[in-house]
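In what follows, a structure is listed as structure tokens, so that the remarks can point back to it.
Below, chain A is the first sequence line, B the second, and so on; all start at residue 1. All values below come from the heavy atoms of this structure, side chains included, with hydrogens, waters and symmetry mates left out.
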Amino acid sequence: MSTPARKHRKQVHLAVQLPAIHNVTVWSDPRSRSQIAFESFAALARTAERGLFDFFFLAEGLRLREHKGELYEYDVAGRPENLTVLAALAAVTDRLGLAATVNATFNEPYDVARRIASLDHLSGGRAAWNVVTSFDAFTGENFRRGGFLAEADRYTRAAEFLDVTRRLWDSWADDDVRPDPARGHFVRADAGRFAHTGPHFDVSGRFTTPRPPQGHPVVIQAGESDAGREFAAADADVIFSKHNRLDVARAFYADVKRRLAAYGRTHDELKILPTATAVVADTDAEAAAYADEITRAQVGPETAIAHLEAVWGRDLSAYDPDGPLPDVDPDPDALVLRGHSIFRTGRAETARRWRALAEERDLSIRELVIEVHGGQNFVGSPRTVADALDHFVQTDGADGFILVPHLTPHGLDDFVDRVVPLLQEKGVFRTAYTGTTLRDHLGLGPAPTRRQEGAAS
Amino acid sequence: MTTTPLHLAVALDGAGWHPAAWRATGARPADLFTPGYWADLVAEAERGLLDLVTLEDFLGPQSAAFHRPDDRTDQVRGSLDAVLLAARLAPLTRHIGLVPTANVTHTEPFHLSLAVATLDFAATGRAGWRPQIASRAADAAHFGRRTTPQLTDEEARDPERIAARLRPLFDEAADVVEVVRRLWDSWEDDAEIRDAATGRFIDRDRIHHIDFEGPHFSVRGPSITPRPPQGQPVVASLAHASVPYEFAARASDVVFVTPRDLAGTAAVLAEVDAAAKTVGRDREDRPLLVLADLLVLLDDVPGEAARRLARLDELAGAPLASDAEIFAGTPDELADLLLDRHAAGLDGFRLRPAVLPHDLTAVTRGLVPALRRRSAFRGAYTASTLRGHLGLARPESRYARKR
Ligand SMILES: Cc1cc2nc3c(=O)[nH]c(=O)nc-3n(C[C@H](O)[C@H](O)[C@H](O)COP(=O)(O)O)c2cc1C
């Protein structure tokens, strides 16, 4: 593949997310197309596959966000059911991994195991599950059980959920379906038999779906807390992280990788992929100007005020977004933006930090929100961006990235056409798919051996 | 001859509806869990200009018994999620309706609504859904959240007794469909405004909480998925008795029924009419199409289909039993039978091929041309959505108003 001298370099893993909430998509751009039409999903997935990406990723939010008691109108709201749209994408792609965020609180293992196994069959081994744990009663209002789970239990449920799911995937052996028409034998007796009793689940019977092609579809985790990190170290194949500034990312990377040994796992068995944006233009200066334009479009005056209100817990609509921060203190008890975990806790502290930052740099409300919002992560000429991504990976900030384009669906085109070839030239990105499954792309090795029912686990 | 159009559906299930189908010539038992197998079948159905295909599903392995699992190893066991299978087929087809089955007893109405809406987006307006209650008590243990009635062998022989025992599940299912339908309507068609002047992507006045409250669950809404292309994807249900007829009259756009002959057809149609009256459905305003199920074996040579059935029965070790009428004959004979029943008032038929792909191909290449020769079936698709094929108008959102 590449020159031996480059062999020690870490390979970069790349995924793309079609953003479908918050304010990432610059929908006012005339090139921006539908956020919901299947053609948008198909176009972005095809581009990612042309770029030899590891996988296509979809986030999830099971309740439209509400702001000051009303639906929040500045969100790019309206998204599909993840597994269903990914199953359709399996028909228009051939190698690209297909990763769905699916909540472990408002679902049951039998159904999730079955649907992800089905996606894995329907895609020839390309399925992944991002296990998230939102538990809030606000989201619960859309479900039979309501907000039944205490926050402290979110990861015990998720861990048991995942354990049951993997048991179900293992409940059929790889060769349980061996149709022999002459003998009249279709299936092994007892295929799919399972039983599990635990604090969250008491389930038994027969699973319907033969073992997925990957054995165990890829498991992704996206939580920040100590419990979340332990869960990832014990059980996940990939972490979807928010840390895309190198210093913080390196600390996070080191922390999580260090936890692996306790679970008998090696450094390579868990890939850490932060969310990231990339803005590419002919020159660094042009890219910087374009990035600025994108960020200002993402954080319009109304979005800036709404963001501030979310932290302050107060109606701040009378304030000028281009003026200074309000003198009033946050109301720690009032939650004005519902359906978003980031501003749930620690708002007083956040407000103190924001005020200090604004004073120090003399920032208006909008400038401040742009500053903390983070702007664009990798900005520059194709060469600059390729070098920065590579540096980030080689210095252990990450194992790769989940890119979030600001235009749907063609926001990845430039990256694939101009940055991917440079990463390939450096010998840090594949020049062809070498495997057929997502486990192959991620270098996770073959599926773990099947755990048989009754065996110690 | 016929004045109303005849609708034709095919029910796809495993290797076909005969328990020994997977052992027949041409069967592909090793491919049942691969997308290519299903892609070939649905392409064939679309070549035949059929209205729709249905895809069966259960939240437990298949069983020879209606009401409990079995341990047989000589029949097809194992399945893929039907909604995802339908989605996988959507981009490969352009016209045919895709109607997966999905359980409503052990699943979340909210998730079901999103999934079928998403299928409708992927299929650009060709999605349907067959809500199904849990008829096997054993499946409840797969979820461990509730129990459902265990039917006795005695009860399981009689559709009216089954329905009477499972009535609470049908009532709950009607609530599930109501929630799903409200969620489909919860975004008005023009809710996404992309108003650059104000920075608003959506207009909150055109997106609605559904505030459903029932004895089994409450759902606040709105959906997180915009209104699907058909507005309301097609809901179809299978019914053999008065309780499920009433469920269909309350919840469905299409009902599949199982009369055994011409007299039975008239009786079933009368029962569906009565059910519609009982629940106060105005069928001018909300049409309810009635399609009869038939399990079919078709061969051009007279007598061959019956001989084939006998050979399959021998392999299976028992004569074929079905809730639907079994037809073994030539495509021309079937065409005549269907037209008789159509004249009696049925809107169409859902054919269950005994063996795949044999009996599907016999439908598309034998029966359909035979119907065409009788000027009784379309010669080209004239609509692009499933509602369109079925002659159902696209409804406005129930929340569109009022402004
Ligand atoms: C980068 C990132 C992406 C996430 N994406 C989702 C998502 O799409 N849907 C969701 O419900 N939660 C999402 N979460 C929330 C987490 O899965 C998790 O439930 C939450 O962070 C609480 O866990 P923690 O306390 O360990 O952080 C995301 C979190 C992170 C850090």
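Put simply, CG on B/Leu59 and CZ on A/Phe207 are 10.0 Å apart, with the number rounded to the nearest 0.5 Å. Annotation: the span from B/Asp81 atom CG to A/Ile116 atom CD1 amounts to 11.0 Å, rounded to 0.5 Å. For the atom pair A/Asp75 CG and B/Arg204 CZ, the distance stands at 13.0 Å (nearest 0.5 Å). With values rounded to the nearest 0.5 angstrom, B/Phe201 atom CZ is found 7.5 Å from A/Trp27 atom CH2.
Of the atoms belonging to A/Phe41, not a single heavy atom falls under 4.5 Å from chain B. Neither the backbone nor the side chain of A/Glu39 comes within contact range of chain B; no heavy atom of the residue lies under 4.5 Å from a heavy atom of that chain. Residue contact with chain A, scored on non-hydrogen atoms closer than 4.5 Å, involves the backbone of B/Asp70 exclusively. Interface residue A/Ser32: backbone and side-chain heavy atoms are both found under 4.5 Å from chain B. Neither the backbone nor the side chain of A/Ala191 comes within less than 4.5 Å of any heavy atom of chain B. In this structure, chain B has heavy atoms under 4.5 Å from both the backbone and the side chain of A/Ser204. Proximity to chain A (any heavy atom under 4.5 Å) is restricted, for B/Asp195, to the backbone atoms N, CA, C and O. The part of A/Asp180 that comes within reach of chain B is its backbone (N, CA, C, O), which places non-hydrogen atoms under 4.5 angstrom from that chain. With a 4.5 angstrom heavy-atom cutoff, B/Arg145 touches chain A only via side-chain atoms. When heavy atoms are compared at a cutoff of 4.5 Å, A/Arg178 does not approach chain B at all. When heavy atoms are compared at a cutoff of 4.5 Å, B/Leu32 approaches chain A solely by way of its side chain, counted from C-beta outward. Within the 4.5 angstrom heavy-atom criterion, atoms from both the backbone and the side chain of A/Leu62 approach chain B.
In this structure, B/Pro226 and A/Arg79 approach most closely via the heavy-atom pair CD-N, 3.9 Å. Of all heavy-atom pairs spanning B/Pro29 and A/Phe186, the tightest one is O-CE1, 3.9 Å. Contact between A/Leu64 and B/Pro222 at its shortest, heavy atoms only, is CD1-CG, 3.6 Å. When all heavy atoms of A/Asp111 and B/Thr107 are compared, the closest pair comes out as OD2-CG2, 4.4 Å. When all heavy atoms of A/Val92 and B/Pro91 are compared, the pair lying nearest together is CG1-CB, 3.8 Å. Nearest approach of B/Pro35 to A/His121, heavy atoms of both residues: CD-O, 3.6 Å.
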*From CA spacing to verdict: side-chain contact (heavy atoms from CB on, under 4.5 Å), B/His142, A/Phe194*: CA-CA 9 Å; B/His142 298 161; A/Phe194 72 98; 4.0 Å; yes
*asked:* I'd like to know whether B/Phe33 forms a side-chain contact (heavy atoms from CB on, under 4.5 Å) with A/Val177, so could you lay out the CA-CA distance, the side-chain angles of the two residues, the decisive distance to 0.1 Å, and finally the verdict.
replied: CA-CA 10 Å; B/Phe33 309 105; A/Val177 178; 3.9 Å; yes
*Go through the steps for A/Ile36 and B/Trp187 under the test side-chain contact (heavy atoms from CB on, under 4.5 Å), then give the verdict.*
CA-CA 13 Å; A/Ile36 189 66; B/Trp187 288 54; over 6 Å; no
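For the pair A/Glu141/B/Val219, no side-chain contact is recorded, criterion being any heavy-atom separation below 4.5 Å from C-beta on. Here the side chains of B/Val83 and A/Glu81 are not in contact, with every heavy-atom distance at 4.5 Å or above.
At distances below 3.5 Å, at least one donor-acceptor pair connects side-chain atoms of A/Asn142 with backbone N or O atoms of B/Gly221. Distance alone, capped at 3.5 Å, places no donor-acceptor pair between the B/Arg200 side chain and the A/Glu73 backbone. With hydrogens and angles disregarded, no donor-acceptor distance shorter than 3.5 Å links the side chain of A/Ser118 to the backbone of B/Leu80. Between the side chain of A/Thr209 and the backbone N or O of B/Ser79, at least one donor-acceptor pair lies under 3.5 Å.
B/His111 and A/Asn107 are linked by a side-chain donor-acceptor pair at a separation below 3.5 angstrom, with hydrogens and angles left out of the test. Side-chain contact, B/His209 with A/Glu66: a donor N or O sits under 3.5 Å from an acceptor N or O.
Contacts between residues 131-138 of chain B and chain A, defined by a heavy-atom separation under 4.5 Å, are made by no residue at all.
One finds a salt bridge joining A/Arg144 and B/Glu172 here, because a Lys/Arg side-chain nitrogen approaches an Asp/Glu carboxylate oxygen to under 4.0 Å. A/Arg206 has no carboxylate O lying under 4.0 Å from a charged side-chain N of B/Asp139, or vice versa, which leaves the two without a salt bridge.
If you look at A/Phe143 and B/Phe110, their ring centroids are closer than 6.0 Å.
Residues passing the ring-ring contact (aromatic ring centres under 6.0 Å, His included) test with B/Phe121, sequence neighbours excluded: none.
Relative ring orientation between B/Phe143 and A/Tyr110 is described as tilted, the plane-to-plane angle lying within the 30° to 60° band.
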